Structures are given as structure tokens and as C-alpha cells.
Amino acid sequence: MNVIFKIWRQEHAAVEGYFKTYEVDGLTEDMSFLEALDHLNETLVLINEKVIAFESDCREGICGQCGVFINGRAHGPHQHITTCQLHMRSFKDGDTIVVEPWRAEAFPIVKDLVVDRSAFDRIIQQGAYITAKTGTAPEAYAIPISKEISERAMDVAACIGCGACVAACKNASAALFTSAKINHLNQLPQGRPEEHSRLLDMVAQMELENFGSCTFTAACEVECPAEISINSIAEMNARYIKAKLFG
Ligand code: FES
């Protein structure tokens, strides 16, 4: 299988980037997209060209490291998967595949396809924790939680922080990510002591990080590998008003 990759090359954030074209052969349709990039990098090593920088860790859709824009879509042509879960069989022999990093002011480019997503870490630091006494682990059934509540919490806990929601959004909003992290803990009894401060502090940090505002286009929901619904954003907004009034 042969494809033409047009890949964004940029040495670092302070210099201009550009697309470079690579004709790649010897691929198979069973290769993952990242394996195809590995294959390209191996050929670049042989001709003494700098390899293309991209991130990955688990390569199983768990860690959220690998996101890139492929042919104008976050994580490529399919909904609800990560880049590492994409296979070359999704493309045709001879296709041109354009690969870019996430584009958002809050995600500055580190190199080539790698962006700095530490803005997400700083949002999490503002409230994605609970107060718990140290010592022996408490009895698992000491705090009863209904099936409905635990499932709703797990639905949003599935967020892997990949950044596709920001990249897909025309406003580069981080509302889906932030709401998932808030709603995960705020609906569980263990998260109640910091319920209001968590919400206010995490939203304030999101605004400090230069993400755009959410205008409910739902582009984030379409691309989210964890299938997190924009209902999570509506819930965050409703809880925000309550926190402002009673926090
Ligand atoms: S490498 Fe971990 S989600 Fe893709």
C-alpha cells in the first residue's frame, strides 16, 4: 500500500511551520496509523533526515497521548476513536493524507505534531481530587451509591484528556473536558465537600488558559473517543449557577 503523507513540520513554537510531502510505500492496510508514521520515520533515519515528532504511549486508546488532526478531523475519519486506534485500511492506496497537530492557542506546538497540553493538567490541579482521611482504606460499602449515579459518574470519568474536543471546536473550547472532570466527582458523595470550589476553581482556570467559549456546536461530542455527551457541559453550567449562588 502506498500513500502520500503531507505532514506538518515545525522545529519549535518560535519558528514557522510548513507542510512537507512524503511518498511512503511498503505499508499494509493492517498497520495502525501510528505504525505507518513509525515506518516513515525509519525511512527518514536511513536518509539522515530528522524524524517526525509525535506522541504515543499505550497505543490502545487509553492514555490520550496520540491525538493529531488527519485530513481535517481530530483523530481521523472515524468518530469516537483515538489516532492509535485508526488503521491504514481506512484509506485507499494512493491517498494523500494531511497530518497536523492540534490547533489551539492553549496548546502551543512543541515540535512537529506534538503540542503542550499542560493547560489540561493545570485545570485538573484546581479540583480533580477529594478530601479523604489517611489511614486504612474504608469499607467499600460504607457509602452507598446508586447504580444510576455511579454509571453517570463513570460515563464522564471515561475522559482520557486527549484534547480532541478542543481541536474539533471552532472556538477551541475546553468545556467538554472540564465538565467531564467536574461532573465525575461532583455527583459522587465523596466529591461533595469540594463541590462548589471544585467547579468555580476549575472553570476559572479553564478561562485563564485561553480556551475559547462554548457555543454548543457539538463538534466535540462527535470526535470524543470516550463518547462524552455535551449534556455534561449543560450540567456543568447548571451547577455553576448553583455554585455561584450558594458556594
Ligand atoms: S497512544 Fe494512548 S490513546 Fe493513543
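Since the structure is predicted, the reported quantities are computational estimates derived from the model, not experimental observations. All ligand and atom numbering here is 1-based and tracks the order in the structure.
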**Student:** Which of parallel (below 30°), tilted (30 to 60°) and perpendicular (above 60°) describes F120 and F211?
**Tutor:** tilted
**Student:** Could I get the full list of salt bridge (charged side-chain N to carboxylate O under 4.0 Å, His left out) partners for R9, not counting sequence neighbours?
**Tutor:**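 Scan of R9 (salt bridge (charged side-chain N to carboxylate O under 4.0 Å, His left out), adjacent residues dropped) gives E49, D112.
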**Student:** So do F69 and V99 actually touch side chain to side chain, heavy atoms under 4.5 Å?
**Tutor:** no
**Student:** Does anything in residues 162-179 pair up under side-chain hydrogen bond (donor to acceptor under 3.5 Å, both in side chains), and if so which pairs, sequence neighbours excluded?
**Tutor:** N171-T215, S179-S232
**Student:** Should the pair F33 and F91 be assigned to parallel (<30°), tilted (30 to 60°) or perpendicular (>60°) ring geometry?
**Tutor:**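 Rings of F33 and F91: tilted, 30 to 60°.
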**Student:** Tell me, which protein N/O/S atoms are under 2.8 Å away from atom 4 (Fe) of ligand 1?
**Tutor:** C66 SG, C84 SG
**Student:** In a table with atom names and distances, give each donor-acceptor pair under 3.5 Å that connects a side chain of residues 218-225 to protein atoms at least two apart or in another chain.
**Tutor:**
| residue | atom | partner | partner atom | Å |
| --- | --- | --- | --- | --- |
| E221 | OE2 | S229 | OG | 3.4 |
| E221 | OE2 | I230 | N | 2.9 |
| E223 | OE1 | R73 | NH2 | 3.1 |
| E223 | OE2 | R73 | NE | 2.9 |
| E223 | OE2 | R73 | NH2 | 3.4 |

